[in-house]
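Report on the following structure.
What's counted below: heavy atoms across the whole structure, side chains too, no hydrogens, waters or symmetry copies.
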Amino acid sequence: KIGISLKKMEKIKNKLLMLFNYLGINKLYQLPILGSFGKKLIQIDSRINEFNRLKNVIDIEEDVDLLKDMMGRYWTEEKIQKYLDELKTCYAPWMRLYHSVLIGCSVLQNHKVILDYGCGAGVHSFINKKIFSHCKFYMNDIAMLSSPKLYQSLKENYETDDLQFVDRVTDDLLSKCDLIYSAGTFSVMPPKQLERMLSRFYDNDCDLLVSTNTFLRQDLGASQPYSKPYNDFREVNWSHNCKKYLNRVGYKIQWLQTLTHDEMENKRLVIFYATKDKQG
């Protein structure tokens with residue numbers, strides 16, 4: 001009962017903070033008298049502002065300027081070198097977490113040309129290439145478009161004929177691919193952006209192998225929302241009902257599972273494989 005009460009209080013607090021943000025009362029968070037509490041409110045307010053800026057984005061490549069400041073702070077010289085080193089060894093500490101669940105999935109043996117969508121620096125593709133040597137991988141992440149230095153460093157140091165980095169997702173690129181592989185990216189995509197990309201994948205005959213964080217139940221009930229903010233704004237992500245989106249677009253779900261994390265209560269992962277019936 002205490003846990004439920006705390007969760008309800010958290011939701012009420014977040015709704016109040018969103019209201020304060022809307023009314024402009026959030027300016028009071030800057031008052032020195034609030035001390036460390038004011039700094040915490042400013043951090044939450046910053047996440048709400050970022051969430052509101054991005055929630056109506058349909059094509060993030062066209063609105064990449066919204067991310068440039070954030071990406072510029074993240075992709076420092078040291079961070080770029082760290083990721084280059086990870087590609088060299090095909091290992092990173094984050095791989096102990098469950099987003100590595102897609103690596104080595106047997107689904108890949110049935111496909112030849114794969115787009116790793118939201119690939120980060122591309123570690124998943126590099127490892128999968130060692131397992132499925134017949135596959136060609138294209139790797140894309142919005143970070144490559146918002147941080148040209150990262151993009152050039154990856155291409156100059158690690159690109160091969162079968163492991164290619166691309167900074168934009170074009171229909172010409174999608175027409176070459178028979179599978180979209182995506183680990184953790186869908187949860188950072190607002191609903192309008194997600195539905196647009198799913199439609200593009202479907203129109204270009206691309207199957208899907210995806211893992212994504214979500215707290216929504218995966219069912220087709222009328223009362224079940226398509227999307228809602230992930231984890232009450234503690235992270236600027238989205239929970240999506242993947243089953244409802246796939247059903248709307250026209251994909252056939254071959255399998256879908258929900259995984260929980262033994263140590264991280266704020267994580268829940270949906271992993272699915274969905275296909276489009278090819279004509280002819």
Fill in: Partner of D162 under salt bridge (charged side-chain N to carboxylate O under 4.0 Å, His left out), chosen from K129, K136, K112
K129
Worksheet item: Got a donor-acceptor contact below 3.5 angstrom from the K252 side chain to the K276 backbone?
Response: no
Discussion item. Could you check, using the six-membered ring where one of them is a Trp, whether F165 and Y151 have ring centers closer than 6.0 angstrom?
Written reply: no
Worksheet item: Can you find a heavy atom in the side chain of L194 that is under 4.5 Å from one in the side chain of P191?
Response: no
Discussion item. Just checking Y83 against W75, ring centres under 6.0 Å apart?
Written reply: yes
Worksheet item: Y98 side chain to R268 main-chain N or O, any donor-acceptor pair under 3.5 Å?
Response: yes
Item to complete: Classify the ring geometry between F272 and F186 as parallel (under 30°), tilted (30 to 60°) or perpendicular (over 60°).
Response: tilted
Fill in: H111 side chain vs C177 backbone, donor-acceptor pair below 3.5 Å
no
Discussion item. Do Y251 and D207 pair up side chain to side chain, a donor and an acceptor below 3.5 Å, judged on atom types alone?
Written reply: no
Worksheet item: For T214, does its backbone N or O pair with a side-chain atom of S239 as donor and acceptor, under 3.5 Å?
Response: no
Item to complete: Mind running ring pair (Phe, Tyr, Trp, His ring centres under 6.0 Å) on H124 and Y181 for me, showing each step along the way?
Response: CA-CA 9 Å; H124 275 227; Y181 176 106; 5.7 Å; yes
Practice prompt. Taking only Lys NZ, Arg NE, NH1 and NH2, and the carboxylate oxygens of Asp or Glu, determine whether R200 and D203 approach each other closer than 4.0 Å.
Written response: no
Practice prompt. For H240 and T212, indicate whether the former's side chain and the latter's backbone hold a donor-acceptor pair under 3.5 Å.
Written response: no
Item to complete: Work out which heavy atom in R73 is nearest to a heavy atom in T76; give both atom names and the distance.
Response: O-CG2, 3.4 Å
Item to complete: Check whether the side chains of D116 and S125 place a donor and an acceptor atom closer than 3.5 Å, and report yes or no.
Response: yes
Practice prompt. Output all residues satisfying side-chain hydrogen bond (donor to acceptor under 3.5 Å, both in side chains) with Q193, sequence neighbours left out; order by chain, then residue number.
Written response: none
